[in-house]
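Written out below as structure tokens is the structure these notes cover.
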Amino acid sequence: MRKYDHKEIEKKWQTEWEAKGLYCASDDSSKPKSYVLDMFPYPSGEGLHVGHPKGYIATDAYSRMKRMQGFNVLHAMGWDAFGLPAEQYAIKNKVHPRVAVDKNTTRFKEQLSIIGFDYDWKREINTTDPEFYKWTQWIFLKMFEKGLAYESYEPINWCPTCQTGLANEDLEDGKCERCDTPVEKKPMRQWVLRITQYADRMLEDLDALNWPASIKESQKNWIGRSEGAEIDFKIENSDKTITVFTTRPDTLFGATYVVLAPENKLIDELASSISNMSDVLAYREDAKSRTEIERTAEGKEKTGVKLEGVLAINPANDEKIPVFAADYVLGNYGTGAVMAVPAHDERDWSFAKKFNLPIKQVIETPEFFPKDKPYTEDGIITNSIVWLDGLLSVDARSEIVGELEYKGAAKEVVRYRLKDWVFSRQRYWGEPIPLIHCDKCGVVPVPEADLPVMLPQVESYAPSGTGESPLANIAEWVNVPCPKCGGAGKRETNTMPQWAGSSWYYLRFIDPKNSDALVDKTKEKYWSPVDMYVGGAEHATRHLIYARFYHKFLYDIGVVNYEEPFARLQNVGLIMAEDGRKMSKRWGNVVNPDDVVGEHGADTLRLYEMFMGPFNQSVAWSTQSIVGPRRFLERVWKLAEKVSESANEKTTDAALHKAIKKVGDDIETFGFNTAISALMILVNDLEKAESLSKHTYETLLVLLAPFAPHITEELWHELGNTTSIHLASWPAYDASKCVESEITIAIQVNGKVRDEIVVAADADEEAIKSIVLARPTIVKWTEGEEIKKIIVVKGKLVSIVVGE
RNA sequence: GCUGGGAUGGCGAAAUUGGUAGACGCACUUGCCUUAGGAGCAAGCGGGGUGACCCAUGGAGGUUCAAGUCCUCUUCCCAGCACCA
């Protein structure tokens with residue numbers, strides 16, 4: 001037999017599959033469908049390393065099995081190609097970012113193609129393609145129409161040296177990563193999306209999703225629903241009121257002071273009553289220099305300043321208590337003000353200790369509880385007021401809020417940690433926000449017929465220096481007539497963040513060429529939702545929240561048929577470098593898939609990456625271990641020699657059907673490592689057989705085909721088949737073929753295995769007991785002892801309990 | 001600190017969900033074959049002991065005829081969130 005030459009085989013079949021359009025999805029809705037999707041990549045200039053394809057190999061194997069099981073499979077790939085690196089490349093090389101994007105996508109596609117994926121390339125999409133971003137802009141227009149987009153001055157990280165805005169990840173210790181200048185907060189006019197309006201629905205619908213529990217948990221925490229109350233504290237001798245947010249209104253009687261965030265505007269409004277205003281302003285300035293992380297760092301010494309001359313009145317008991325400005329309270333959470341209950345809150349406790357403020361206990365504290373700590377648990381109310389004392393915290397909360405509500409001093413509210421989404425960037429390489437500013441008409445949407453608003457050609461892609469987008473400098477692009485009144489208008493120069501395209505791209509694969517609609521609703525009804533979505537766990541709270549928000553919005557305006565985009569989610573674990581670090585150019589530890597494919601073959605790479613360990617776990621690459629899967633394929637290749645017409649299938653049927661079950665079940669649950677080990681066990685067994693029937697060997701090939709599509713296709717054709725193995729039917733599992741006539745069972749005495757016997761599978765308990773008790777080894781252990789109990793576990797073991 | 005996930009041979013790991021711990025693969029050892037081998041084949045491979053046996057799933061207890069798996073306490077590692085009122 002000829003040698004297994006992966007180079008010849010892989011190239012040949014890839015060309016053949018492509019030519020035949022073997023993996024093209026059809027819109028034939030009479031067949032059950034399976035929409036399998038990878039989180040699409042950002043085509044970076046560095047190319048793929050060996051870790052990138054891991055998730056793609058998984059979806060590839062999964063979708064191939066689904067196809068063989070009779071599903072109409074949609075598996076396509078695209079490029080999330082807007083974003084900073086392409087823009088920076090453009091600035092540096094003075095070329096259009098498109099040049100970098102085209103170069104990188106071509107390279108990525110080449111690298112992917114040699115691995116032999118079953119992508120339907122007819123459906124390839126690119127977020128930077130005007131035909132695509134037309135719809136990204138269209139969604140924004142719809143959100144604008146529905147009042148979900150609003151303008152707001154939001155601070156950006158501004159580097160005064162580079163004259164540019166920076167993302168959080170470009171900061172190091174509050175300094176610009178590139179020039180080390182301390183970064184300032186600069187308010188910019190921004191577009192913000194009201195994602196918080198969908199917070200409750202996103203929370204509720206989480207339950208029904210077949211997602212990893214950890215991802216659901218992080219989304220829950222990210223949305224961060226907390227039920228509490230807003231309570232009004234009047235200011236003495238003033239018409240002003242401080243409204244605080246609290247989740248513990250039950251502790252209201254323990255409030256001994258009130259704290260405002262230093263940036264809270266109320267401070268300015270109270271200025272005339274504050275006798276030490278200059279100190280307060282100095283503190284505010286000081287607090288500005290600290291990042292939120294610094295301000296909120298664990299165990300940090302509390303700072304703050306008292307607003308001299310200001311007293312707040314506790315609406316529950318009319319007690320007058322002091323007011324402070326302190327940076328442990330954040331301006332952008334709750335109302336930017338808290339009532340401090342030092343006896344029952346950690347932060348208030350340490351602040352009160354430092355500033356020598358009274359600590360009043362209003363929840364009964366267990367005796368064993370240390371005296372030098374606040375008691376933050378729920379408990380029984382005490383020291384409050386007659387009708388409240390003795391109640392449980394949980395009940396007291398609604399009682400007290402109800403009472404105050406009646407007086408107009410409190411109301412129950414639900415707060416979210418989730419913030420509205422700052423949706424604009426002051427950059428060139430993003431989708432232009434399709435709005436026009438008109439002095440007369442205000443903000444006017446670009447008419448749908450005029451979409452897409454194309455990115456103009458510019459001289460320089462560098463930021464404008466004012467913080468505005470480079471687009472602001474292109475007069476002929478900016479100045480357009482107002483669509484409403486025809487007067488002078490100016491285009492919005494902010495662009496969208498990279499998330500915009502990735503928040504809905506999965507819908508476009510369904511109907512990539514549609515120029516009349518984002519997606520045809522009938523096709524969408526058939527293909528949605530995505531049945532299996534695979535990507536890194538790092539997208540748990542950003543991409544996956546944004547996409548769910550977009551999808552729910554599209555559902556509300558009737559574009560899609562279902563409320564959720566991704567029915568099932570699997571996380572891919574990272575592949576680390578052999579040294580245990582992340583693969584990176586910086587460490588020089590990058591393994592390139594092209595090299596591995598060249599040396600060992602795509603099938604070996606695929607098999608190895610799936611065999612390395614549990615799919616969602618991170619593992620280190622091992623150059624040494626990859627030969628295992630290669631040897632395995634060689635053995636499968638050689639096994640072809642055993643195929644004979646005179647073979648007795650019965651001798652191998654049990655092994656075969658065990659594998660059919662295990663491989664199918666494991667691919668379904670993403671247990672690829674054990675699926676492959678089951679295939680190895682099968683090959684080990686088949687090698688022991690004298691000869692193999694063609695059918696047995698073909699079944700092995702079909703089971704292996706999802707992982708190793710090229711070698712199996714080659715061997716399949718060698719056997720005389722003329723159609724592709726990837727369109728063959730997945731074998732059916734026949735339980736009766738796995739039934740064995742004899743089984744080995746273990747014999748334990750007092751919990752220790754002492755012997756084992758082979759019995760007929762259908763032997764009854766009494767027969768087994770008598771055989772077991774007669775065994776010399778067992779007699780040795782039971783002699784002279786009283787047999788207390790004999791437990792027979794069918795098909796497994798016999799356990800004998802003896803005692804004196 | 002909170003939440004989630006982990007800890008099993010020299011290494012990656014498996015274990016039917018309470019039933020013979022270490023499947024499968026890598027590395028390693030021995031032998032065969034070969035002019036040669038980063039090839040192939042055969043056997044071995046958790047630790048201790050000549051052996052009968054004993055010990056072993058981060059550690060300490062417990063439940064059970066039986067625990068990697070369940071319970072209590074504890075140590076360490078990874079990821080995410082973090083003074084959220």
Side-chain angles (χ1 to χ4, degrees), chain A residues 212-222 224-226 228-229 244-249 251 259 261 292-293 295-300 302 326-330 332-341 344-351 376 415-417 537-538 540-541 571 573-574 607-608 611-614 616-629 631-632 634-635 638 661-662 665 671 673-684 687 744-756 780 788-803:
Chain A
S214 59
I215 301 284
K216 288 202 212 180
E217 192 62 29
S218 355
Q219 289 217 346
K220 214 174 265 180
N221 293 336
W222 189 264
R225 181 189 159 99
S226 57
V244 304
F245 173 64
T246 180
T247 53
R248 294 293 303 275
T251 62
V259 187
E292 202 164 289
I293 312 257
R295 280 171 58 165
T296 57
E298 172 87 4
K300 192 206 76 170
K302 298 282 179 288
D327 68 357
Y328 78 91
V329 172
L330 303 174
N332 58 12
Y333 184 78
T335 59
V338 304
M339 63 176 206
V341 184
H344 305 294
D345 182 278
E346 299 272 359
R347 296 149 294 170
D348 299 342
W349 171 276
S350 45
F351 189 85
T376 59
R415 287 271 166 200
Y416 298 95
R417 205 198 77 112
E538 68 275 16
T541 48
N571 289 130
L574 282 180
L607 211 48
Y608 174 59
F611 184 61
M612 286 175 89
N616 59 5
Q617 202 171 292
S618 81
V619 235
W621 182 262
S622 165
T623 306
Q624 189 175 269
S625 299
I626 197 168
V627 300
R631 282 179 199 153
F632 168 69
E634 302 267 9
R635 286 162 55 204
K638 259 201 187 148
K661 172 138 180 63
K662 180 83 178 148
D665 289 355
N673 54 333
T674 46
I676 291 166
S677 103
L679 286 166
M680 289 171 167
I681 292 169
L682 175 61
V683 168
N684 290 346
E687 277 176 342
T744 305
I745 59 174
I747 309 165
Q748 294 183 339
V749 180
N750 282 353
K752 299 214 181 243
V753 179
R754 297 301 178 188
D755 197 2
E756 55 179 43
K780 197 180 96 189
K788 290 183 166 169
K789 221 198 263 186
I790 301 178
I791 299 145
V792 180
V793 182
K794 221 175 165 249
K796 300 276 181 201
L797 52 73
V798 179
S799 183
I800 304 164
V801 187
V802 298

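Below, read A as the first sequence line, B as the second, and so on, with proteins coming before strands; counting in each chain starts at 1. Just the heavy atoms: all of them, side chains too, but no hydrogens, waters or symmetry mates, feed the values below. Remember, predicted model here, so these are calculated numbers, not experimental data.
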Anything under 3.5 Å between a protein N or O and an N or O of nucleotides 31-33 of chain B, put it in a table, one pair a line.
none

Can you list the stems that include RNA chain B, where a stem is three or more consecutive Watson-Crick or G-U pairs with distances under 3.5 Å?
B:1-7 with B:75-81, B:10-12 with B:24-26, B:28-32 with B:40-44, B:46-48 with B:53-55, B:58-62 with B:70-74

Sequence neighbours excluded, the answer for salt bridge (charged side-chain N to carboxylate O under 4.0 Å, His left out) partners of A:K638 is none

Between B:C65 and A:K788, counting only base atoms on the nucleotide and side-chain atoms on the residue, is there a donor-acceptor pair under 3.5 Å?
no

Run the side-chain contact (heavy atoms from CB on, under 4.5 Å) test against A:N750 and tell me which residues pass, sequence neighbours left out.
A:V801, A:V802

Tabulate atom names and distances for all N/O pairs under 3.5 angstrom spanning the protein and nucleotides 48-53 of chain B.
unit_1	atom_1	unit_2	atom_2	d
B:C53	OP1	A:K780	NZ	3.0

How long is the line joining CZ of A:R225 and P of B:A85, in whole Å?
13 Å

From A:D755 CG over to A:L797 CG, what is the distance, rounded to the nearest 0.5 angstrom?
12.5 Å

Readout for nucleotides 19-29 of chain B: B = base within 4.0 Å of protein heavy atom, S = sugar-phosphate only, - = neither; 5' to 3' it is BB--BBSSS--

Examine the side chains of A:N221 and A:R417 and answer whether a donor and an acceptor come within less than 3.5 Å of each other.
no

Between A:K302 and A:F351, is NZ or CZ placed under 6.0 angstrom from the six-membered ring centre and within 45° of the ring axis?
no

Verify the contact: side-chain N or O of A:R417 to OP1 or OP2 of B:A85, cut-off strictly under 4.0 Å; return yes or no.
no

